[in-house]
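Here is the naming used below: chain letters follow the sequence lines, and residue numbers restart at 1 for every chain. For clarity, every value in this text was computed on a predicted model and none was experimentally measured.
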Protein chains: 2
Amino acid sequence: MKGKLITRNTDYAVRALCFMAINGKEIISVDKLVKELKIPRPFLRKIMQALNKKGILQSYKGQGGGFTLSVPAEKIFLTDLITTFQGPLKLNECIFKKNICHNVNNCSLKNKIDTLEKYIISQLKSISVASLSEENNKILKKEGIPL
Amino acid sequence: MKGKLITRNTDYAVRALCFMAINGKEIISVDKLVKELKIPRPFLRKIMQALNKKGILQSYKGQGGGFTLSVPAEKIFLTDLITTFQGPLKLNECIFKKNICHNVNNCSLKNKIDTLEKYIISQLKSISVASLSEENNKILKKEGIPL
DNA sequence: TTTTAATGATACCTTATTTGTATCATTTTG
DNA sequence: CAAAATGATACAAATAAGGTATCATTAAAA
Ligand code: SF4
Ligand code: SF4
């Protein structure tokens, strides 16, 4: 299956935000993140700019500039990232208009997928950057891998 | 979001199979389905051929030919259709190799998505063509819409 | 036995989305 | 003013989705 739930920019964003969460309120530049995480620089820049526009990051221009989290990591959820990059979370775009598919309003396929979708969204909403970074942190410490 | 759970060929397949389920063991040609369901003919042909190869349909060549279900509608599940057209159901393709992303084996993002994925698959496995066609049938009857 | 109406196989095409790259303007610090 | 950062934006390549076209094969029916 190619239609992924988590696309690459969301994944990159998670990694970047986790790194920032660990480093407290320090201003982090894209340059730093690129060296740390090995993500294509122009792509990561675009990602950070999008997160800034969305209000998740605070940007600082000029020399010594970069980004900080403008929302505590506990309050940044996977849904926020996914919607930033992929638009509204809809897994079940109904493809027909009423005149072609007469049962758009009570199709049981649609109903079932809609129900599943609601559950998926609720799950994604419950996953915060903080929880991701904490867990990874623990694991890495346990393995003695330096951050 | 564009990364859909149900793509168009799966949706078309559901509609075609539901129609066939209603019509019992009758051999149905693509031509008939096209007229009935208003799906682009060559595309539906490709879909039916794929379902035939997968063993879900039985094909009959020559004049008067077409397809029948080779599996009872109760035993055709959404997962079967999705995997036929979209390959293995993987919502969380991990994008890095171990040497880049050192925690592929215990990344909590991956873990959480994996868990969610298992739930989604189990749900999709529980939805059969029979259940879809029955429910739609009921609704259509209740509304007095002729099949 | 020839015609006709169906599927089998397969190659191609078009569009949309994903995954980037490149450039120049703007801002801030030293 | 120069250097080092982001802002904005246009462009480009790779992949996937959605769809078309063609010819070969098969089987019923005239
Ligand atoms: S079949 Fe159901 S899901 Fe598909 S287009 Fe019609 S109403 Fe929507
Ligand atoms: S961050 Fe987690 S999900 Fe993303 S590539 Fe690394 S291991 Fe996989």
Please give, in whole Å, the distance from [N] [atom2] to [X] [atom1]?
X: B:Leu51; N: C:dG8; atom1: CG; atom2: C1'; result: 14 Å
X: A:Gln49; N: C:dG20; atom1: CD; atom2: C1'; result: 14 Å
X: B:Lys53; N: C:dG8; atom1: NZ; atom2: C1'; result: 8 Å
X: B:Arg8; N: D:dA17; atom1: CZ; atom2: P; result: 13 Å
X: B:Met48; N: C:dA9; atom1: CE; atom2: C1'; result: 17 Å
X: B:Ile47; N: D:dG19; atom1: CD1; atom2: P; result: 9 Å
X: A:Phe85; N: C:dG20; atom1: CZ; atom2: P; result: 13 Å
X: A:Phe43; N: D:dA14; atom1: CZ; atom2: P; result: 15 Å

Point to revise | Qualifying residues under salt bridge (charged side-chain N to carboxylate O under 4.0 Å, His left out), relative to B:Asp114, sequence neighbours excluded | key: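 B:Asp114 satisfies salt bridge (charged side-chain N to carboxylate O under 4.0 Å, His left out) with B:Lys110 only.
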Review point. Can you name the salt bridge (charged side-chain N to carboxylate O under 4.0 Å, His left out) partners of A:Glu74, sequence neighbours left out?
Key: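 Once residues adjacent in sequence are excluded, A:Glu74 has no partner under the salt bridge (charged side-chain N to carboxylate O under 4.0 Å, His left out) criterion.
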**Study point:** Atom of B:Leu89, atom of B:Glu117 and distance for their closest heavy-atom approach
**Key:**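 Heavy atoms only, the tightest pair is O-OE2, 3.6 Å.
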According to a strict under-4.0 Å criterion, is [X] in side-chain N/O contact with OP1 or OP2 of [N]?
X: A:Asn52; N: D:dT6; value: no
X: B:Tyr12; N: D:dG18; value: no
X: A:Ser59; N: D:dG7; value: yes

Point to revise | salt bridge (Lys or Arg N to Asp or Glu O under 4.0 Å) contacts in which one or both residues fall within residues 22-35 of chain B, not counting sequence neighbours | key: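 Every salt bridge (Lys or Arg N to Asp or Glu O under 4.0 Å) pair that includes a residue of residues 22-35 of chain B, provided the two are not neighbours, is B:Asp31-B:Lys35, B:Asp31-B:Arg41.
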Check your understanding: Which listed nucleotide (D:dT20, D:dT6, C:dT7) is nearest to the side chain of B:Arg41?
Key -> C:dT7
Revision key, fill the gap. Apart from B:Tyr60 itself, members of its ILVMFWY cluster (side-chain separation under 4.5 Å) are B:Ile27
Check your understanding: Who passes side chain to side chain donor-acceptor pair (under 3.5 Å) against B:Asn9, sequence neighbours left out?
Key ->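 Listed in chain order: B:Thr7.
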Practice item. Look at the aromatic rings of B:Phe43 and B:Tyr12 and report parallel, tilted or perpendicular, splitting at 30° and 60°. Key: perpendicular
Exercise for review: Produce a footprint string for nucleotides 21-30 of chain D: one letter per nucleotide, 5' end first; B if the base is under 4.0 Å from any protein heavy atom, S if only the sugar-phosphate is, - if neither.
Suggested key: -B--BBBBS-
